[in-house]
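Each residue takes its place number in the sequence, starting with 1.
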Amino acid sequence: MRLKQVLLLLIVVAVIVTGGLFFTKNQKESDTAISSQAGTESQSSDALLSLLSSASQVSRWQVGYDYRYTTSFSSGLFIETSEAPSMGFQLTGTWKVTPIEASGTSLMLHVRFENTLYKMTMETNAPATQVEDAEKAAGRNLSIPYFISLNANGRVTDIRLGADATHVTQSLLKSFSGMIQFVAPGGPPQGTWETRESDATGEYRASYESKKADSFVKKKLSYLRVGARATQNDFQDRNAATITLSANVLASQFAFDFAGNGPMTTLIGKEKIEVKGSDVFSSGRSDSSLSMTLHKVSLSDMSDGKRAGLISKARSLEAIALDSPPSRKTRRKIIDEQKIAGMDFKTILQVYDENPGQSRAERDKRYRAFLGLEALLRQNPDAVNSAVDYIGKGGPHTADMIRALGYAGSETSQQALIDMFNPISQDIKAQRTIFGVMHNADDPSAANVAFHKKYLTDKTFGDIAQLGLGAMVKNLRSSGERGDMAEDALDALIEVLETAESEEKILLALKALSNSGHPRLLELTRPYLRSRNIEIRKTAIDTLRLIPGGEIDLMIIDVALTDPNIYVREKAVFVLGERQISPLIVSGIERILKQEPKPRVQYAAVGVLTKNTLGDDMVIPALKWVVENISDKKSVALAKKRLKMM
């Protein structure tokens, strides 16, 4: 394994563990102003510092002083159900912070790690010397100075790094900066208070409690969203792709101590965060810990000119929000190289041969080999040829090879699947296997779309062609570059629906359209919500699940409240749970709970209220109402369990 590949493995530790790979940057300020008398830009630094000293504990650092903290920061990544960390790191050294500028609303810190020792662990066959070289390279990169900006409450608003900073460096510093936040309320911190803060995973709700004078405990309570919210222009109609992610706080406690009216003296914190729905693994858990102790404070010999130069340099750098990831294209390349690291076609087949999948450990190894195979086929056309040859010879892992070609989604792999279809025309099962994976390409080719359209009404392949083309409409629109092709494909599916001669064919066409999430389906679906056929009404509801907007929410809520069939009402509630949860949906669920007589629908409705994408203050009243008024024991137990976690 080359050194570059070893370094790329670190990205999963730093990027996936911290959750920072998911969304575009768009940091929002949601905490309160420090006080009604907060300073303005024209105020002197001394006036601001006086104000900060009286209200914001973390901002007691003074301009002109150097603060050095002995630091130990570690994190381990647990993939899927693994019992041991698959990757991890430990960073020790001295963290030096020098405040260089204070304004009426912020404080800028010039910071760096000194005497850095960086150790990493991972599952790899790389020689020990290469791992050691990678550790030293990462340590050197982390010692390059960077800048952190705090608002008047102590919240980290951005970090500023050089353009040459690696993604490993960026992600580790985002994670570290998120953990040092101590966000004060709008006055002197005392007693208890709650805040909204951001870290590399997303925005979360935190509570603070004063244990004794100048000693506080902070706990993350729940994530309100995962990653910075993308704008409509960023993702076009990819809302459905963003809401599948979730983050859960499994454990969290941070203890802060301060020296009277002086700076933070110690910070000891541990947390366990679970993220589901990432690009690489369906779930991962990070176990992180941080300890810091102030051991030296001294006046800086920094001249005014040097300080002004640092401020100028900081402003010339790009300000990065804590939860800003690399671009989608860069992210895909990084993830692919991480998957491929240490693997070629031969070694992947060897993993399959040596691990038949009888134990959990063997299944984990096969799964990771499949991820590597998918990435290899996407990045390397020669590997596609090797896979085609393997399939042609009838190798024992042919089914996984075909699936990987579908997920790879490159022009070459899509064409390879099309080319394989006709030569095996006598093997219907093999043909359906090929058809079943061709729609997985993130960027479907014109040839792939034409292939699906050709078979839409075929007696043998019409069902799988329709379902696949519906999913491809969604992927085509998500790519942002093939809108016309998406509309043509949708028109073809709508024609199939409008010419369907039986209820069975109507059901199939609706199911295919439900995969597309296209707004044009809104009016198309309305008549089918009133069908006499229960299955058609259920499928029509499902057709709306991926279409964003409050109007759609209201349509689904109306079905859940008015449809005479329990299974249709239950389906409507399930669909509400799959959508981006909002106050409108919560209000609808409350109405459903107060009106619905059947326990199974009540239970489904309570399940929607337990979604972790909701702010606790939004659902607590509804859950308490369930406990006090619903007779169904399962519903009450579920509501109590969620309340206990809040």
Next on the checklist: Quick check for you: to the nearest 0.5 Å, what is the distance between Leu576 atom CG and Ile585 atom CD1?
Outcome noted: 5.5 Å
Checklist entry - Below 4.5 Å, heavy atoms only, C-beta onward: do Leu593 and Val606 meet side chain to side chain? => result yes
Next on the checklist: Taking the six-membered ring for Trp, are Tyr208 and Phe182 closer than 6.0 Å centroid to centroid?
Outcome noted: yes
Checklist entry - Between Asp158 and Ala321, is there a donor-acceptor pair closer than 3.5 Å when you use the side chain of the first and the backbone of the second? => result no
Item to check | Shortest non-hydrogen contact from Ala605 toward Ile589 | outcome: O-CG2, 3.6 Å
Next on the checklist: Contact between Thr610 and Leu638 at the side-chain level, heavy atoms closer than 4.5 Å - yes or no?
Outcome noted: yes
Checklist entry - side chain to side chain contact (heavy atoms under 4.5 Å, CB included) between Leu294 and Met264: does it pass, once the steps are laid out? => result CA-CA 7 Å; Leu294 180 65; Met264 180 181 75; over 6 Å; no
Checklist entry - When the ring planes of Tyr67 and Tyr65 are compared, do they come out parallel, tilted or perpendicular, using 30° and 60° as the limits? => result tilted
Next on the checklist: With a 3.5 Å distance limit and no angle check, can you tell me whether Arg307 reaches the backbone of Glu101 through a side-chain donor-acceptor pair?
Outcome noted: no
Next on the checklist: Apply side chain to side chain contact (heavy atoms under 4.5 Å, CB included) to residues Leu91 and Thr116 and explain how you reach the verdict.
Outcome noted: CA-CA 7 Å; Leu91 175 68; Thr116 305; 3.1 Å; yes
Item to check | 4.5 Å side-chain heavy-atom contact, Glu271 and Val249 | outcome: no
Item to check | 4.5 Å side-chain heavy-atom contact, Glu194 and Leu221 | outcome: yes
Item to check | From Asn151 atom CG to Gln181 atom CD, the distance as rounded to the nearest 0.5 Å | outcome: 9.0 Å
Next on the checklist: Could you report the tightest heavy-atom contact between Trp61 and Pro263, atom names first, then the distance?
Outcome noted: CD1-CB, 3.7 Å
Item to check | Any side-chain heavy-atom pair of Met302 and Leu310 under 4.5 Å | outcome: yes
Next on the checklist: Does Lys272 form a salt bridge (charged side-chain N to carboxylate O under 4.0 Å, His left out) with Glu274? I'd like the steps, not just the answer.
Outcome noted: CA-CA 7 Å; Lys272 293 183 180 182; Glu274 180 184 50; over 6 Å; no
Checklist outcome for this item: d(Leu299 CG, Gln62 CD) to nearest 0.5 Å is 9.5 Å
Checklist entry - When you look at Leu317 and Leu161, which way does the side chain to side chain contact (heavy atoms under 4.5 Å, CB included) test go after all the steps? => result CA-CA 6 Å; Leu317 300 177; Leu161 302 154; 5.8 Å; no
Checklist entry - Atom OG in Ser74, atom CZ in Phe89: separation rounded to 0.5 Å? => result 7.0 Å
Checklist entry - For Phe147 and Ile100, what are the C-alpha separation, side-chain angles and deciding distance, and is it a side chain to side chain contact (heavy atoms under 4.5 Å, CB included)? => result CA-CA 10 Å; Phe147 300 87; Ile100 57 174; 3.8 Å; yes
Item to check | Residue pair Ile159 / Lys174, side-chain heavy-atom distance below 4.5 Å | outcome: yes
Checklist entry - Do you know the tightest heavy-atom contact between Pro145 and His110? => result CB-NE2, 3.5 Å
Item to check | Value rounded to 0.5 Å, distance of OG in Ser288 from CD1 in Ile273 | outcome: 8.0 Å
Next on the checklist: Would the distance check show the side chain of Trp193 and the main-chain N or O of Val183 forming a donor-acceptor pair, the cut-off being under 3.5 Å?
Outcome noted: yes
Item to check | Reference residue Phe73; test side-chain contact (heavy atoms from CB on, under 4.5 Å); the match among Met292, Gln90, Met179 | outcome: Met179
Item to check | Test item: Thr157 side-chain N/O and Ser149 main-chain N/O as donor-acceptor pair under 3.5 Å | outcome: yes
Item to check | Heavy-atom side-chain proximity of Val586 to Leu609 below 4.5 angstrom | outcome: yes
Checklist outcome for this item: Rounded to the nearest 0.5 Å, the CH2 atom of Trp95 sits from the CG atom of Leu109 at a distance of 6.0 Å
Next on the checklist: Give me the atom names and distance for the closest heavy-atom approach of Lys270 to Ser289.
Outcome noted: CG-CB, 3.9 Å
Checklist entry - Pick from Arg205, Arg155, Lys218: which one makes a side chain to side chain donor-acceptor pair (under 3.5 Å) with Glu197? => result Lys218
Next on the checklist: Tell me whether Ser316 contacts the main-chain N or O of Lys313 through its side chain, where contact means a donor paired with an acceptor under 3.5 Å.
Outcome noted: yes
Checklist entry - So, Phe113 versus Phe176, ring centres under 6.0 angstrom or not? => result yes
Next on the checklist: Keeping Glu203 on the side-chain end and Leu224 on the backbone end, is there a donor-acceptor pair under 3.5 Å?
Outcome noted: no
Next on the checklist: Both conditions, 6.0 Å and 45 degrees, for the charged tip of Arg285 above the ring of Phe78: are they met here?
Outcome noted: yes
Checklist entry - Looking only at heavy atoms, what is the nearest atom pair of Val626 and Ser635, with distance? => result CG1-O, 4.0 Å
Next on the checklist: With a 3.5 Å distance limit and no angle check, can you tell me whether Thr201 reaches the backbone of Asp199 through a side-chain donor-acceptor pair?
Outcome noted: no
Item to check | N/O donor-acceptor pair under 3.5 Å between Ser177 side chain and Leu173 backbone | outcome: yes
Checklist outcome for this item: Note: Phe254 and Lys220 closest approach over all heavy atoms is CE1-CE, 4.5 Å
